[in-house]
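Quick note: residue numbers are just sequence positions, from 1.
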Amino acid sequence: MNLVRELEKDLKIANVICKNGRRNLTSSMNEASRDLIVHNHSKKKQALLDMLPILTDLRHARVMRSTLEDLVEEGNYCKAFQVLSEYLQLLDSLSEFSAAQEMTRGVEVWLGRTLHKLDSLLLGVCQEFKEDSYVMVLDAYALIGDVSGLAEKIQSFFMQEVISETHSVLKTIVGEDNSAATQYSRLTYSDLCLQTPESKFRQCLLRTLAVLFQLIYSYHEIMSFTPEKKVESLISPSSATTQMVDSVTRSACDPQDGGLSSAMSSGSIPPCTISAEESDGSGTSSSVQQVLQASDSAIDEPRDSGDAVSCGESPWYHLRKESAAFVSETLQRGRRNLWQLTTSRVSVLLSSPGASSTSIHQFLKNYEDLSIFILAGEAFCGFEVVDFREKLKGVCENYFTAFHRQSMHALKMVLEKETWTKLSPDTVQTINFAGLVGDGAPLIISSRSATGSSRFPHSNKSNNSVDPSGNRSGFSYWLKSGNPFSAKLTLYREDQDYSSVNGAISRDDEGNDSIHDDVVNPKIRDKKRVNGGSPVSEDENEDLLADFIDEDSQLPRRSFTRSQSRTSSSHLSTNDDLTAQTGSSLCLLRSMDKYARLMQKLEIVNVEFFKGICQLFGVFFYFVFQVFGQENTNSGGKGVADSFNHRLKSSLSRISQECEQWIKPHISSSPSSSLAFPNTVHSLADVTPANPLNTSGHISGVSFSLKERCAAVDTVSLVARILHKSKAHLQSMLMSRTGSLVEDFFGQLVDSVPHLTEHLHRTTARILLHVNGYVDRIANSKWEVKELGMEHNGYVDLMLGEFKHYKTRLAHGGIPPEVQNRLLEYGVEIFAEILVEGLSRIKRCTNEGRALMLLDFQVLINGLQHFVPTNVKPKLQIVETFIKAYYLPETEYVHWARARPEYTKAQVVGLVNLVATMKGWKRKTRLEVIEKIESASA
């Protein structure tokens with residue numbers, strides 16, 4: 001029992017033990033389950049804690065991306081690229097995450113958009129220089145390390161602007177009042193230039209020059225830019241940006257956001273000075289990585305070189321200074337290319353027909369503007385622009401061609417309608433030719449009183465404005481003066497507005513086909529005063545624009561209200577000068593005066609204008625000869641060609657060669673073909689016209705009286721005297737290497753005027769003497785007389801009677817006494833020629849017949865002496881010498897003929913034949929003498 005009880009007791013104890021064990025196992029199991037749950041929660045917590053910095057960085061990246069957008073919108077590109085460096089480094093550290101990779105791809109889009117905006121800003125700087133904008137662009141490109149790219153881009157932008165702006169100017173102006181504006185928008189620049197009307201050419205030129213000057217101005221400003229030392233404020237970010245970046249930093253360091261300690265978040269934002277090697281990562285593209293590396297190196301460079309930079313010089317200033325210097329050097333090397341492109345665009349515009357078809361006043365304004373543009377360009381690029389000057393010279397030559405054609409046609413029209421009536425002294429006394437003799441006013445005065453053409457250097461001083469060494473200070477004059485074409489363009493528009501309101505045609509817009517149709521418009525002159533400009537002087541307007549000679553009255557259409565304060569050398573001061581003017585001489589002198597003024601203004605083609613003066617005078621010279629210097633060769637005496645002075649013959653031959661297009665008739669349907677001279681000499685080999693004019697000076701159905709013929713002689717002499725007064729002034733205007741042109745002109749043409757006037761008076765005398773048939777009368781008289789009586793031949797009385805009538809005609813011709821005396825002397829000389837010609841045609845004669853010749857000669861001398869106030873015997877000496885030659889031995893005739901060129905070959909041969917017949921020479925001897933005489937004369 002004890003055993004049972006012990007067993008029972010043991011079982012109870014075992015049961016209790018089992019219960020306690022079960023309870024302990026249950027408790028342990030519960031504790032283990034609790035421990036497992038705690039462990040799982042701990043792992044999850046640790047995983048979340050590990051993800052928190054990454055999420056914080058991603059949130060920081062999103063804020064930085066927003067910051068980049070805001071910085072670009074603000075225009076703070078420099079700070080944007082600084083933030084970009086941090087942003088790229090942050091994304092590089094998160095490269096294994098897809099969100100970071102997506103953000104990295106977005107950086108390329110942002111960078112392209114930002115660079116586009118930066119280029120737009122740079123383009124605005126090229127169009128109009130602004131220092132703040134340029135500094136912003138310069139700092140941005142310096143930070144990304146692409147300063148060389150910036151320099152190349154600036155040059156490219158300027159080239160593009162030159163092309164696009166010049167094209168845009170023409171499209172706007174040419175198509176503004178045209179219904180087919182869309183059609184003009186498709187045309188190329190050269191086609192637009194060809195279709196630019198003359199009325200809009202000056203506006204196109206002014207606006208083109210203004211645009212190009214502004215581009216050159218901006219280019220020079222960029223090229224000469226030097227940064228200031230105060231740069232910290234420009235580099236530092238804005239307050240809003242600082243707050244946004246700081247908020248990101250504070251949120252990353254706040255324990256409430258993620259339970260992170262400040263120690264864990266202290267390195268969440270990498271510094272912007274991280275080297276490029278630390279930022280290499282597979283998550284960024286190569287282009288973005290290059291920007292990152294360049295940005296970091298650009299930031300590190302001034303810091304690394306801080307020891308070399310003076311303590312007063314900021315590293316940012318040092319970076320900006322070096323970048324600006326590099327851009328400046330690159331632009332300085334490329335400025336010639338820009339200028340060549342600029343001149344090429346203007347050259348194409350100058351190829352427009354409107355450049356050479358405008359009025360003289362407007363052309364001179366265009367020339368002045370182009371000269372100013374050339375001077376500014378030479379100061380800008382540092383060398384003389386030879387090619388463009390040659391282009392401008394070609395334009396001036398084209399204009400001279402058209403201008404000269406108009407002037408020549410106007411002169412020919414006046415000449416053909418000339419009545420050769422002298423103008424009244426009251427009409428002539430107020431006229432001066434100041435431009436021709438050397439004290440003329442300028443042809444054009446700039447319309448800007450404060451900024452007129454006197455502000456600008458003259459073209460002959462252009463070398464002073466060109467700096468071959470490339471010193472950029474030569475352009476400083478133009479920087480101070482401002483754009484010279486903008487003000488001109490403003491005045492041009494005011495003129496247009498004034499004209500449209502008042503219904504008056506502005507002279508600047510006037511497409512004048514002929515300078516001789518220009519008239520003085522007082523409204524324009526008053527308008528210039530109202531606009532604050534300096535009006536063209538009254539002298540200038542009348543000298544230039546009132547140059548029309550009325551075809552009916554032959555009087556100049558002009559207002560003679562000119563002040564008499566001009567120097568006397570330019571006025572017609574002598575009585576002869578006041579009374580010798582005709583309509584044609586006045587037209588000629590005024591044209592030459594205008595040419596001389598243009599020689600002063602258009603120095604580049606002054607030689608061409610001087611040649612124009614020569615041609616004007618040559619045509620006048622030739623026309624007067626054609627009208628008054630021809631006669632009927634049946635009048636006896638020498639032929640027309642034989643009566644010419646050798647110098648006169650040479651002058652006419654030269655004129656026919658140099659002025660062929662103006663004096664030869666052309667078979668053409670053009671209006672100018674009708675302006676050729678009637679009965680013009682077609683060949684001046686012997687200066688004898690094939691169809692000579694009527695002996696009375698008849699041309700185009702008009703017969704000229706003695707008074708009119710003498711008026712023509714006087715007016716030619718007057719023109720020659722005025723030209724001699726202008727010789728020194730013309731030589732001074734021409735360069736030394738062309739000074740021989742003046743001497744050649746005066747020596748071969750002007751100095752031939754006395755020979756022309758003599759020939760014209762001789763021709764007049766031949767026409768008035770009516771000596772036709774006297775040569776035959778003399779030759780057919782009876783000279784084979786055996787006894788010498790007291791009576792002379794009858795032709796002597798007839799000749800004396802004719803000379804008496806001749807003197808009567810002169811006395812009633814209304815010419816001065818000195819001209820009458822001169823014509824009487826020429827009449828005596830003509831009688832001498834007739835006598836010699838008649839005596840040379842005698843076939844048979846005896847010794848008594850020779851004595852009868854001397855008797856007739858003496859009676860003629862005595863009779864003529866009653867009509868002529870001077871001694872006539874010297875004038876008739878040629879007859880006495882010819883008569884006495886009958887007594888020469890046969891061996892002397894060849895020497896006698898060579899020593900006396902005043903006799904023609906036919907006259908000498910006739911003399912030899914007569915002597916040989918009467919003295920019974922052998923035929924061989926006679927032929928030998930004649931052969932020697934002919935060979936000597938040849």
Side-chain heavy-atom pair Val395, Tyr399 within 4.5 angstrom cut-off: no

Just checking, any donor-acceptor pair under 3.5 angstrom between side chains of Gln160 and Ser156? yes

For Ser351 and Lys391, which I'm curious about, is there any donor-acceptor pair between the side chains at under 3.5 Å? yes

Output the distance between atom OG (Ser344) and atom CG (Leu349), rounded to the nearest 0.5 Å. 11.5 Å

Report yes if some heavy atom in the side chain of Ile222 is under 4.5 Å from a heavy atom in the side chain of Phe158; otherwise report no. yes

In short, Cys204 meets Ile173 closest at the heavy-atom pair SG-CG2, 3.5 Å

Mind running side-chain contact (heavy atoms from CB on, under 4.5 Å) on Leu364 and Ile360 for me, showing each step along the way? CA-CA 6 Å; Leu364 289 177; Ile360 177 177; 4.1 Å; yes

Starting at CD of Glu368, measure out to CG of Leu602 and round the result to the nearest 0.5 Å. 11.0 Å

Please state whether the rings of Phe485 and Phe213 are parallel, tilted or perpendicular, taking 30° and 60° as the class boundaries. perpendicular

Can you list the steps and then say if Lys117 with Leu121 is a side-chain contact (heavy atoms from CB on, under 4.5 Å)? CA-CA 6 Å; Lys117 291 184 178 180; Leu121 182 61; over 6 Å; no

Can you tell me how far the CD atom of Gln214 sits from the CD atom of Glu221, to the nearest 0.5 Å? 9.5 Å

Taking side chain as C-beta onward, heavy atoms only, is Leu209 less than 4.5 Å from Ile372? no

Using the side-chain contact (heavy atoms from CB on, under 4.5 Å) rule, take Phe326 and Leu150 through it: C-alpha gap first, then chi angles, then the decisive distance, then the call. CA-CA 10 Å; Phe326 180 85; Leu150 171 64; over 6 Å; no

Are any of the side-chain heavy atoms of Leu212 and Phe373 separated by less than 4.5 Å? yes

Consider only side-chain N and O atoms of Ser357 and Glu198, and report whether a donor and an acceptor are under 3.5 Å apart. no

Strictly under 6.0 Å, is that where the ring centroids of Phe380 and Tyr217 end up? no

How close do Ala142 and Leu319 get, counting heavy atoms only, and between which atoms? CB-CG, 4.0 Å

Ring centers of Phe609, Phe400 separated by less than 6.0 Å: yes

Distance (rounded to the nearest 0.5 Å) between Met136 CE and Leu122 CG: 12.5 Å

Between Thr401 and Asn398, does any side-chain donor sit less than 3.5 Å from a side-chain acceptor? no

With a cut-off of under 6.0 Å to the ring centre and 45° to the axis, is Arg336 in cation-pi contact with Phe383? yes

Would the distance check show the side chain of Thr343 and the main-chain N or O of Gln340 forming a donor-acceptor pair, the cut-off being under 3.5 Å? yes

Close side-chain approach of Leu370 and Leu350, heavy atoms under 4.5 Å: yes

Flag if over 12 foreign heavy atoms under 6.0 Å of NZ, Lys130: no

Specify the closest pair of heavy atoms between Cys126 and Phe157, including all atoms of both residues, with the distance to one decimal. SG-CB, 3.9 Å

Is the side chain of Thr166 donor-acceptor paired with the backbone N or O of Ile163 at a distance under 3.5 Å, no angle test? yes

CG-CH2 distance between Leu115 and Trp110, expressed to the nearest 0.5 angstrom: 8.0 Å

Charged N to carboxylate O below 4.0 Å: is that the case for Lys153 and Asp146? no

Please report the interatomic distance CG(Asp139) to OG(Ser323), rounded to the nearest 0.5 Å. 8.0 Å

Kindly say whether Leu192 contributes a backbone atom to a donor-acceptor pair with the side chain of Thr196 at under 3.5 angstrom? yes

Is any side-chain N of the basic residue among Glu378 and Arg389 closer than 4.0 Å to the acidic one's carboxylate O? yes

So do Val174 and Lys200 actually touch side chain to side chain, heavy atoms under 4.5 Å? no

Check: Ser164 main-chain N/O paired with Ser168 side-chain donor or acceptor under 3.5 Å: no

Check whether the side chains of Gln127 and Glu161 place a donor and an acceptor atom closer than 3.5 Å, and report yes or no. yes

Are Leu170 and Cys193 packed together at the side-chain level, in the sense that at least one heavy-atom pair is separated by less than 4.5 angstrom? yes

Shortest non-hydrogen pair, Trp339 vs Cys381, comes out as CD1-SG, 3.8 Å

Using the side-chain contact (heavy atoms from CB on, under 4.5 Å) rule, take Glu603 and Met599 through it: C-alpha gap first, then chi angles, then the decisive distance, then the call. CA-CA 6 Å; Glu603 295 180 0; Met599 287 176 65; over 6 Å; no

Main chain of Leu187, side chain of His167: is a donor-acceptor contact present, judged purely on distance under 3.5 Å? yes

Heavy-atom nearest pair, Ala210 first then Asn483, reads O-ND2, 3.0 Å

Any side-chain heavy-atom pair from Arg335 and Leu331 closer than 4.5 angstrom? no

Determine the minimum heavy-atom distance between Asn606 and Met733, stating which atoms define it. ND2-O, 2.9 Å

